[in-house]
Amino acid sequence: MLQQTQVATVLEYYKRFLNRFPDVASLAAADEQSVLALWAGLGYYRRARQMHQAAKQVVADHAGRFPETLDEIKALPGIGRYTAGAIASFAYDCPAPILEANTIRLFSRLIGLREDPTTSKSQALLWEAAESFLPPRSGAGTINQALMELGSLICKPAQPNCNQCPLNSGCKAYADGLQAAIPIAKQKAKPQQRDHAALIVRQHQLYLVRQNDGLGWWQGLWDFPRIDVTELSITTSKRQATISQAVEQAFEETLGLSCRIDSHAMTIKHSVTRYRITLECYFATLSSDAFALAAAGKRNKHKVGRASRPADKTRRELENWYWMALGDDQLPLTASAKKLVHWLNGNQEQ
DNA sequence: CACGCGTGGTC
DNA sequence: TGACCAAGCGT
């Protein structure tokens with residue numbers, strides 16, 4: 001959970017998760033969808049699937065006992081050199097180095113690294129630095145955690161407290177006054193704007209949702225029917241009726257969902273990697289034939305794990321539909337879908 | 001090796 | 001407010 005995710009963000013998810021899956025065996029025995037449901041909102045959902053797979057692998061290949069050597073730990077899906085080193089040193093006191101956001105910054109400054117820390121050359125130097133701090137006998141876990149804390153609390157990204165740093169006498173960046181310039185930030189791809197549209201289709205107290213397939217964003221997670229309408233180049237200068245018509249047509253062509261847009265509900269701004277997404281949410285009514293198709297989806301209880309892929313393409317779509325109650329906490333929803341659910345809960349007039 | 005993957009917090 | 005950042009990994 002902590003991979004690329006701040007501790008404060010993880011805490012509540014972690015508690016809920018361990019409450020539901022207190023050991024490897026219970027996680028291994030779980031449905032992927034219930035694992036994802038507890039992860040929903042955290043992001044990087046591949047981590048959840050890989051951890052689930054790792055639990056199964058521990059049961060199958062290690063008799064249910066978590067492996068205790070660096071190589072065996074690293075062989076598990078979703079566990080790379082950092083996470084393997086962290087587990088091995090924290091849990092089993094193996095003399096394994098670690099390198100992550102905090103210590104990359106710390107070591108970059110200590111050795112006065114003037115290049116992009118992500119290149120293989122830089123990485124080799126940084127791992128070497130990490131290794132140089134390992135104690136000869138035991139206590140690697142303590143040292144590793146102490147170095148992370150030092151990076152987190154003192155050797156901060158901006159305005160590091162060099163005067164409080166116990167390592168400042170050996171720090172090249174500090175000696176040269178370069179602590180603000182190191183590590184150098186690598187240039188990122190320019191953010192791109194995307195326009196999405198989502199439909200709010202209510203039938204009695206249930207809302208139509210669909211599961212994302214194995215391609216693209218939010219694989220295996222559920223969302224309100226959503227499409228990318230960036231190419232429609234919708235502008236505010238167009239009449240609302242024109243926009244609605246274009247969006248209706250796009251839903252028909254993309255999802256085979258024939259509907260009429262009734263009104264605009266809300267706008268959600270969010271982002272995925274380098275994309276800045278503006279999601280316009282509309283109340284909509286399905287046309288009668290589309291309604292029959294969607295109703296068929298209701299009989300398909302949502303599946304465990306990824307949806308199967310029958311040869312027939314039209315059927316494939318239908319398996320991914322579901323009528324969801326607003327209070328449903330079993331379905332793994334994307335963060336934006338959760339926001340929309342929250343808004344709908346607050347807007348249940350009547 | 002560069003890129004994709006999610007989201008929320010901070011300044 | 002938008003850019004930066006976070007207990008990385010797999011491809």
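Being a predicted model, the structure only gives us computed values, none of them experimental. In what follows, every chain begins at residue 1, and chains take the letters A, B, ... in the order their sequences are listed.
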**Prompt:** Dot-bracket for DNA chain B, 5' to 3', counting Watson-Crick or G-U wobble pairs under 3.5 Å, with [ ] for crossing pairs and | for inter-strand pairs?
**Reply:** .||||.|||||

**Request:** Would you please say whether a donor-acceptor pair under 3.5 Å links the side chains of A/Thr69 and A/Asp71?
**Result:** no

**Message:** Considering every strand and a 4.0 Å limit on heavy-atom distances, what is the contact class for A/Thr103: base, sugar-phosphate, or nothing?
**Reply:** nothing

**A/Thr103 to A/Ile98 - nearest heavy-atom pair and separation** = OG1-O, 4.0 Å

**Prompt:** What is the minimum heavy-atom distance between A/Tyr82 and A/Glu100, and which atoms define it?
**Reply:** CE1-CG, 3.4 Å

**Complete:** Assign each of A/Val272 and A/Ser120 the nucleotide of DNA chain B bearing its closest heavy atom; nearer the 5' end lies the nucleotide of A/Ser120

**Item:** Contact nearer the 5' end of DNA chain B, comparing A/Leu333 with A/Lys186
**Value:** A/Lys186

**Request:** Mind telling me whether A/Phe133 and A/Phe107 have parallel, tilted or perpendicular rings, with 30° and 60° as the class edges?
**Result:** parallel

**Asked** Where the side chain of A/Arg109 meets the backbone of A/Ile182, is there a donor-acceptor pair that is under 3.5 Å apart?
**Response** yes

**Item:** Minimum heavy-atom distance A/Asp228-A/Asp195, with the two atoms named
**Value:** OD1-O, 3.2 Å

**Message:** Would you say that A/Phe17 contacts A/Trp39 through its side chain, given a criterion of any heavy-atom pair below 4.5 Å between the two side chains?
**Reply:** yes

**Asked** In terms of side-chain heavy atoms, does A/Thr278 have a donor or acceptor partner in A/Gln193 at a distance below 3.5 Å?
**Response** yes

**Prompt:** Quick check: does any side chain N or O of A/Glu68 sit under 3.5 Å from a backbone N or O of A/Ala88, one acting as donor and the other as acceptor?
**Reply:** no

**Message:** By the 4.0 Å heavy-atom rule, please label A/Lys121 as base, sugar-phosphate, or nothing.
**Reply:** nothing

**Prompt:** When the P atoms of B/dC3 and C/dC4 are considered, how many whole Å apart are they?
**Reply:** 16 Å

**Fill in**
Note: A/Arg47 and A/Leu42 closest approach over all heavy atoms is NH2-O, 3.6 Å

**Request:** Take the protein atom CD of A/Gln187 and the nucleotide atom P of C/dC5, then report the distance between them rounded to whole Å.
**Result:** 13 Å

**Message:** With rounding to the closest Å, how many angstrom separate the P atoms on B/dG6 and C/dT11?
**Reply:** 14 Å

**Message:** Considering every strand and a 4.0 Å limit on heavy-atom distances, what is the contact class for A/Ala335: base, sugar-phosphate, or nothing?
**Reply:** sugar-phosphate

**Complete:** DNA chain B: first to last nucleotide in contact with chain A (atom under 4.0 angstrom from a heavy atom), 5' to 3', is B/dC1 to B/dG8

Look for any protein N or O under 3.5 Å of an N or O in nucleotides 8-11 of chain C and output each such pair with its distance, or none.
| residue | atom | partner | partner atom | Å |
| --- | --- | --- | --- | --- |
| C/dG8 | OP1 | A/Ala101 | N | 2.9 |
| C/dG8 | OP2 | A/Gln4 | N | 2.9 |
| C/dG8 | OP2 | A/Gln4 | NE2 | 3.2 |
| C/dG8 | O5' | A/Gln4 | N | 3.2 |
| C/dG8 | O3' | A/Thr83 | OG1 | 3.4 |
| C/dC9 | OP1 | A/Gly80 | N | 2.8 |
| C/dC9 | OP1 | A/Thr83 | N | 3.0 |
| C/dC9 | OP1 | A/Thr83 | OG1 | 2.6 |
| C/dC9 | OP2 | A/Tyr82 | N | 3.4 |
| C/dC9 | O2 | A/Arg46 | NH2 | 2.6 |
| C/dG10 | OP1 | A/Gly78 | N | 2.7 |
| C/dG10 | O4' | A/Arg46 | NH1 | 3.4 |

**Prompt:** Do the side-chain N and O atoms of A/Ser336 and A/Arg226 include a donor-acceptor pair separated by under 3.5 angstrom?
**Reply:** yes

